[in-house]
Number of protein chains: 2
Amino acid sequence: MENRLEKIKKQLHSSSYKLTPQREATVRVLLEHEEDHLSAEDVYLLVKEKAPEIGLATVYRTLELLTELKVVDKINFGDGVSRYDLRKEGATHFHHHLVCIECGSVEEIQEDLLEDVEKIVEERWHFIIKDHRLTFHGVCRNCQKKQNKLVKSEQSSVEK
Amino acid sequence: MENRLEKIKKQLHSSSYKLTPQREATVRVLLEHEEDHLSAEDVYLLVKEKAPEIGLATVYRTLELLTELKVVDKINFGDGVSRYDLRKEGATHFHHHLVCIECGSVEEIQEDLLEDVEKIVEERWHFIIKDHRLTFHGVCRNCQKKQNKLVKSEQSSVEK
DNA sequence: AATTATAATGATAATGATTATTAAATGATA
DNA sequence: TATCATTTAATAATCATTATCATTATAATT
Ligand SMILES: [Mn+2]
Ligand SMILES: [Mn+2]
Ligand SMILES: [Zn+2]
Ligand SMILES: [Zn+2]
């Protein structure tokens, strides 16, 4: 974690930005919520708990900066807010997401899986791929179980 | 085109909605711009040319309705507005996009390409896939050409 | 056809996320 | 220390989208 922070600090410095206390607080929140998909407002509220004097605009600016530096990826799941997702250490491509249309949960896929597809696209469309966004919409494992239970209870009530 | 409109009309009816003149005008604009990725405002302005009395809220409502019926897909390329993309006739999955980070152009890929990947995801993540969003970010063919020219002219000026 | 109920529309106000502005604080530099 | 650039907090402005509401169109019923 401290290690991770150090690297981000260096990344900032190499683009001649400083790791101010506000930026550090923001990065820490992101590191503590690696698995989550926080909106700017979410981040703001979490940072406030530890550094109450921070302003919302600063959080927006910091997230914007981290996006530029590819420390985070900005993503939109269609709910009206941008969400910020920390890149895994050393990852060159953005990871994938499974969004459940029943409960709204978001699961991550770290595996690439797109190597073959990207090869085809580069060859056939003559497009040089730098990054990707892949989101699957469907039914998560939990919601599948719920639906199974429902179906079974309906069957048994018919049997009566 | 008229054929396509008829089918959409039937889809509306089967969910007990009517194809009002405003909705028809909106659908026609979408059909006339199949390849484009129009924002609500874009659609509004185009509809206004033919049906000047239409209101912006009606366009939003119509696009919302068409999204529900899966006639169009709502997509966000990260520029602050939702864009509406007509589904190809009979397509069950949303098509893919190539977004150029140099010029902003958007190209479409109608081929599925994800069958294998989806099979893996369904098996290994126990997630039932209903739809997907796949966007590649990179450099389009045009911009590659431009960059090549640039590199060559730089080389020749060094050679002098 | 007249009446009533329902759906849809247009105008516009409200909302809410994001961006711009500005004055003050901080930090580096000479 | 004086000077200049960067960053910040507060807050105003912007802009896309949604909500409200009075009016109109359409369908159903008498
Ligand atoms: Mn993620
Ligand atoms: Mn498209
Ligand atoms: Zn679920
Ligand atoms: Zn391009």
Side-chain angles (χ1 to χ4, degrees), chain A residues 8-9 11-29 37-69 71-85, chain B residues 8-30 37-69 71-85:
Chain A
I8 292 168
K9 191 174 177 176
Q11 265 187 281
L12 282 164
H13 285 162
S14 75
S15 302
S16 61
Y17 294 110
K18 305 166 224 175
L19 184 64
T20 63
Q22 291 89 340
R23 287 174 182 165
E24 178 172 335
T26 304
V27 171
R28 281 189 187 281
V29 161
H37 301 91
L38 304 174
S39 68
E41 183 85 26
D42 293 339
V43 175
Y44 172 63
L45 293 174
L46 287 165
V47 174
K48 270 212 128 178
E49 291 177 8
K50 299 192 177 173
E53 57 321 326
I54 201 167
L56 177 57
T58 301
V59 171
Y60 269 101
R61 277 184 299 244
T62 303
L63 291 172
E64 189 60 32
L65 180 58
L66 294 173
T67 305
E68 257 176 50
L69 298 177
V71 171
V72 300
D73 284 294
K74 196 174 177 180
I75 191 170
N76 193 300
F77 290 122
D79 59 350
V81 291
S82 293
R83 299 185 174 275
Y84 297 86
D85 204 351
Chain B
I8 292 167
K9 189 174 178 178
K10 276 177 193 159
Q11 263 186 283
L12 281 163
H13 286 161
S14 75
S15 302
S16 59
Y17 293 111
K18 305 166 226 174
L19 184 66
T20 64
Q22 291 88 341
R23 286 174 182 163
E24 178 172 334
T26 305
V27 171
R28 281 188 186 280
V29 162
L30 292 173
H37 301 90
L38 305 174
S39 68
E41 183 85 25
D42 293 338
V43 175
Y44 171 61
L45 293 174
L46 287 166
V47 174
K48 271 209 127 180
E49 290 177 8
K50 298 191 178 174
E53 58 321 325
I54 201 168
L56 177 58
T58 301
V59 171
Y60 269 101
R61 279 184 297 239
T62 302
L63 291 171
E64 189 61 36
L65 180 58
L66 294 174
T67 304
E68 259 177 52
L69 298 178
V71 172
V72 300
D73 284 295
K74 198 174 176 177
I75 191 170
N76 193 301
F77 289 121
D79 60 348
V81 290
S82 293
R83 298 185 175 275
Y84 298 85
D85 203 351

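In the text below, chain A, chain B and the rest are named by the order of the sequence lines, each starting its count at 1. Only this structure's heavy atoms are used, side chains among them; waters, hydrogens and symmetry mates stay out.
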How long is the line joining [atom1] of [X] and [atom2] of [N], in whole Å?
X	N	atom1	atom2	value
A:Ile54	C:dT26	CD1	P	15 Å
A:Asn76	C:dA17	CG	P	13 Å
B:His13	D:dA27	NE2	C1'	12 Å
A:Leu63	D:dT7	CG	C1'	16 Å
A:Tyr44	C:dA17	OH	P	13 Å
B:Lys48	C:dA11	NZ	C1'	11 Å
A:Asp42	C:dG16	CG	C1'	14 Å
A:Tyr60	D:dA9	OH	C1'	16 Å

Quick check on [N]: is either OP1 or OP2 less than 4.0 Å from any side-chain nitrogen or oxygen of [X]?
X	N	answer
B:Ser82	D:dT17	yes
B:Gln22	C:dA8	no
A:Thr58	D:dA9	yes
A:Thr20	D:dT6	no

Exercise. Of all heavy-atom pairs between B:Arg83 and B:Ser39, which one has the smallest distance, and what is that distance?
Worked result: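 Residues B:Arg83 and B:Ser39, closest heavy atoms: NH1-N, 3.6 Å.
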For this session: Identify the heavy atoms of A:Val72 and A:Tyr84 that sit nearest to each other, and give their distance.
Result: CG2-CD2, 4.3 Å
Problem set entry | B:Lys18 backbone acceptor or donor facing B:Arg23 side chain under 3.5 Å | yes
Problem set entry | Paired nucleotide for C:dA23 [Watson-Crick or G-U wobble; both distances under 3.5 Å] |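 Paired with D:dT8.
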Exercise. Under 3.5 Å, is there an N or O donor on one side and an acceptor on the other linking the side chain of A:Arg61 and the base of D:dA9?
Worked result: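 In this structure, the two groups form a donor-acceptor pair.
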For this session: Ignoring the backbone of B:Ala40, work out which of C:dG10, D:dT17, C:dT18 is nearest its side chain.
Result: D:dT17
Exercise. For B:Glu41, which contact category applies under a 4.0 Å heavy-atom criterion: base, sugar-phosphate, or nothing?
Worked result: nothing
For this session: Drop me the distance from B:Leu63's CG to B:Leu38's CG, to the nearest 0.5 angstrom.
Result: 9.0 Å
Seminar exercise, completed: Closest to the 5' end of DNA chain C, once A:Arg83 and B:Lys18 are matched to their nearest nucleotides, is B:Lys18
For this session: Select from B:Leu56 and B:Pro21 the residue whose nearest nucleotide in DNA chain C is closer to the 5' end of that strand.
Result: B:Pro21
Exercise. When you check the side-chain N and O atoms of B:Arg61 and B:Thr58, is any donor under 3.5 Å from an acceptor?
Worked result: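 There is such a pair (donor and acceptor under 3.5 Å, judged by atom type) between the side chains of B:Arg61 and B:Thr58.
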